[in-house]
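Heads up: the structure comes next, in C-alpha cells.
Throughout, protein chains are lettered first and strands after them, A, B, ... in sequence-line order, and every chain is numbered starting at 1.
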Amino acid sequence: MKSLKRIAKHPTISLLNPCTTLKEVKQIHAQLVVKGSLKHPHLHGQFVATIAINNPTNLNYANNVFNHHHHHPTLFTLNSMIRAYSKSLTPFKSFHFYTQILNSNTLSPDNYTFTFLVRTCALLHVHMTGLCVHGAVIKRGFEHDPHVQSGLVFMYAELRCLSSCHGVFEGVVEADLVTQTAMLHACAKCGDVEFARKMFDEMPHRDHVAWNAMITGYTQCGRWREALDMFHLMQGEGVKLNEVSMVLVLSVCTHVGSLDNGRWVHAYVERYKVRMSVALGTTLVDMYAKCGDINRSMDVFWGMKERNVYTWSSAIGGLAMNGFGEESLDLFNNMKQEGVQPNEVTFISVLKGCSVVGLVEEGQKHFDSMRTVYGIDPKLEHYGLMVDMYGRAGHLEEALNFINSMPMKPHVGAWSALLHACRVHKNKELGELALKKIVELEDKNDGAYVLLSNIYADYKNWESVSSLRQTMKAKGVKKLPGCSVIEVDGEVHEFIVGDKSHPRYGEIELKLEEISRCLRLAGYVANTNTVLFDIEEEEKEDALSKHSEKVAIVFGLISLKGIPIRVVMNLRICWDCHNVAKMISKIYNRKIIVRDRNRFHHFQDGECSCKDYW
DNA sequence: TTAGGGTTAG
C-alpha cells in the first residue's frame with residue numbers, strides 16, 4: 001500500500017525561492033553538503049530541481065550541482081532539468097538530459113518527460129524534431145496522457161500547424177479537459193477564435209484555466225470587448241479568478257485605456273489577496289503607465305518584491321511614453337546595477353526615453369551598446385526609433401544618413417519617422433522624398449499622405465495639397481477615421497469623427513460653442529491648414545471643432561468634476577486639437593491627459609508635457 | 001517532490 005504521508009520538502013531546501021540570490025544558494029548548498037543530505041538521490045533531485053525552476057539565472061549552478069552526484073540521477077531529476085531548460089534561453093539543452101534517460105539502463109522517459117520535451121520543440125520551432133518526439137510519444141504509449149496531448153497541441157500551435165493540432169485532438173476518443181483547453185487555445189492562437197469559442201461552449205466541464213485560455217484567445221486578436229465580456233461571464237458563473245485572470249483583464253484595460261476598470265482590478269487583487277506574481281505586478285505597472293497614471297505605476301513598480309526584464313522594460317517604456325526621458329534612463333541604470341540583462345524590448349523603451357527628451361548622444365551610445373555590450377542585433381524598430389530621435393532633435397540630414405546606412409532595407413516606420421520630423425521642422429523636399437519611399441513600400445499609407453499635405457499646407461502650397469488629394473483619390477487611399485475613447489464612471493464612451501449618435505451630443509455641441517467663444521476672446525485662431533485636406537473650404541472650422549479627441553475632451557469637461565480628463569485615441573493628436581486642449585486646460589483649470597497613437601500629452605495651465613513635439 | 005492558461009515592443 002502506498003504511504004499516505006506526503007513527503008515534505010527538506011526544510012533547508014524549502015528556504016529557496018525565486019528571489020534567492022546565487023550567494024544564498026551557495027550557502028544553502030554548503031549546509032546540505034556538510035549534513036551529507038545530497039548523498040540521498042531524492043534530496044539531491046529536490047535541490048537541483050528547486051534551483052533550476054526557481055530562477056533561470058541560476059540554471060548553470062543547478063547544472064553543476066546536477067553533475068556532482070554520488071549516484072545515478074533519478075528520472076525526477078532529469079525531468080526537472082528538461083523542464084527547466086525548456087523554459088530557459090537555451091531550450092535545446094533539454095535534449096542533453098533526454099539523451100541521458102535514453103542511454104540509461106535503468107530509466108525510460110515517462111509522461112512528464114514528454115510533456116516538457118514537446119514544449120522545448122515548440123519554443124525552438126523545430127518541426128522535424130517535434131515530429132520525432134511525437135513519434136516517440138506514440139511508440140512509448142503516452143499519446144493518451146492529457147498533459148502530453150496538451151503539450152503536443154501547444155507545440156503544433158506554435159508551429160502554426162492547426163491541422164496537426166486537430167490530428168492529435170481527433171485521435172482522442174474522450175478528450176480530457178486539459179487537452180480540450182489546449183485545443184481551444186491553439187485554435188485561437190492560429191487565428192480561428194470562432195472555432196475556439198465553439199469548442200469552449202461545447203465543453204461539458206470548464207475550469208478556470210479553460211476560461212482563461214478563451215479570454216487569451218480574444219486578447220490575442222485584439223477583440224477586447226469580447227475578452228471583457230468573457231471575464232464578466234466568468235465572474236458571474238462563480239469561477240475562480242486567479243492571478244492569470246487578473247493579468248488578462250488588466251491587459252484588456254491597458255489596451256482600451258480603461259483606468260477605472262484597471263483600478264478596480266487592482267483593488268480586487270488587494271482585497272482578495274490574489275497572488276502577486278511578477279507577471280501580475282508587471283501588468284499593473286504597464287496598465288497604470290499606459291493609462292496615464294505614471295506615479296501609481298512607479299509606486300507599484302517599487303513595491304514589487306521581484307522584477308524581471310518585462311517589469312523593468314515596462315517601467316522604462318512607461319516613463320518614456322509619459323515624457324519622463326531622464327527618469328527612464330536613470331531606471332535603466334538601476335536595472336543594470338541590479339544585474340538584470342536587458343533584451344531587445346528593453347532597448348525600445350530606452351531609445352524612446354532618449355528620443356522624447358532629445359538626448360541624441362546618449363541614444364547613440366545605447367544603440368551601439370546593444371551589439372557591443374549585450375550582443376543584441378538592432379531590429380527595424382530600433383532603427384526607426386533612432387531616425388525618430390535624430391528627427392525630433394532637428395538633425396534631418398543625420399536621420400537621412402542613418403536610414404541610408406541601415407544594414408537592411410529601411411521600412412515604412414523609418415521613413416515615416418523622417419516624414420514626421422520634416423513636418424515639424426518644415427522641410428518640404430525631404431518630406432517629398434520620404435513620402436515617395438513610403439508609397440513605394442505601401443502605396444495606400446494614409447498617414448504619410450496626410451503628413452505631406454500638412455507640410456504643403458504649412459507653406460500655403462494649395463496646389464500641391466490639391467494634387468496630392470487627387471492622387472489619393474485615384475489610388476483609393478482612405479483616411480483612417482479618428483476615434484477617441486473616454487471613461488466616465490467606469491463606462492467607456494467612444495467618439496468617432498463625424499458621428500453624432502452619442503445621447504449627450506447636443507450638450508457637447510453647446511459646450512463646444514461656448515468654448516469657441518471663450519477661445520476667440522482669448523485670442524485663439526483655429527489652425528485650419530491641417531484640415532484642408534479632409535474637407536470642403538466652408539466646413540473647415542466646423543469639422544475641425546468636431547475632431548473625435550476634441551469631442552471626447554468636451555464630454556469629459558461636462559461629465560467629470562474635479563478629476564483629470566483622460567482620453568485615449570487611435571491617431572496622433574492633431575495640431576489644432578492640441579492647441580485647444582492647452583487653452584481648455586488653462587481657461588477651465590482642468591488637467592487633461594491624452595494618450596495618442598504615439599505617446600501621452602499631459603495638459604496643464606496651458607502647457608503640454610510634450611513641449612509641442614510629438 | 002514535476003504537467004494545461006498569463007506580463008514588456010511592433
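A donor-acceptor contact under 3.5 Å is not formed by the side chain of Asp176(A) with the base of dG4(B). Counting atom types as modelled, Ser313(A) pairs a side-chain N or O with a base atom of dT8(B) as donor and acceptor under 3.5 Å. Side-chain atoms of Tyr112(A) and base atoms of dT2(B) include no donor and acceptor less than 3.5 Å apart. Residue-to-nucleotide contacts include no donor-acceptor pair under 3.5 Å from the side chain of Asn242(A) to the base of dG6(B). Taking 3.5 Å as the limit, the base of dT1(B) and the side chain of His42(A) contain a donor-acceptor pair of atoms between them. Not a single donor-acceptor pair, N or O on each side, falls under 3.5 Å between the base of dG4(B) and the side chain of Ser150(A). In terms of polar N and O atoms assigned as donor or acceptor, the side chain of Thr179(A) never comes within less than 3.5 Å of the base of dG4(B) in a complementary pairing. At a cut-off of 3.5 angstrom, the base of dT7(B) holds at least one donor-acceptor pair with the side chain of Thr282(A).
Note: CE (Met234(A)) to P (dG5(B)) measures 15 Å, nearest angstrom. One can place CE of Met199(A) at 13 Å from C1' of dG4(B), the figure rounded to the nearest angstrom. Rounded to an integer number of Å, the gap from CZ of Arg275(A) to C1' of dG5(B) is 13 Å. Rounded to an integer number of Å, the gap from Asn212(A) CG to dG4(B) C1' is 11 Å. What separates CZ of Arg597(A) from C1' of dA9(B) is a distance of 15 Å, to the nearest Å.
Nucleic acid contact for Lys379(A): none, since no nucleic acid atom lies under 4.0 Å from a heavy atom of the residue. Contacts of His208(A) with the nucleic acid, taken as non-hydrogen atoms under 4.0 Å apart, include base atoms. If you check every strand for non-hydrogen atoms under 4.0 Å, Asn111(A) touches a base.
Side-chain atoms of Asn212(A) and Asn242(A) include a donor-acceptor pair closer than 3.5 Å.
By the 30° and 60° cut-offs, the orientation of the rings of Tyr272(A) relative to Tyr268(A) is tilted.
Remark: side-chain polar atoms of Ser355(A) are not paired, donor with acceptor, to backbone N or O of Lys352(A) under 3.5 angstrom. His68(A) places no side-chain N or O within donor-acceptor distance of the main-chain N or O of Val65(A), the cut-off being under 3.5 Å.
The side chain of Ile348(A) lies closest to dA9(B) when the candidates are dA9(B), dA3(B), dT7(B). Relative to the side chain of Arg83(A), the nucleotides dT8(B), dT2(B), dG4(B) differ in distance, and dT2(B) lies closest.
Note on Arg307(A): every side-chain N or O is 4.0 Å or more away from OP1 and OP2 of dT7(B). For the pair His185(A) and dG6(B), the criterion of a side-chain N or O lying under 4.0 Å from OP1 or OP2 is met. Between Lys290(A) and dA9(B) there is a side-chain polar atom (N or O) within less than 4.0 angstrom of OP1 or OP2. Distances shown here put every side-chain N or O of Lys352(A) at or beyond 4.0 Å from the OP1 or OP2 atom of dT8(B).
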Candidate pair Thr74(A) and Thr77(A), rule side chain to side chain donor-acceptor pair (under 3.5 Å), full reasoning: CA-CA 5 Å; Thr74(A) 64; Thr77(A) 317; 2.7 Å; yes
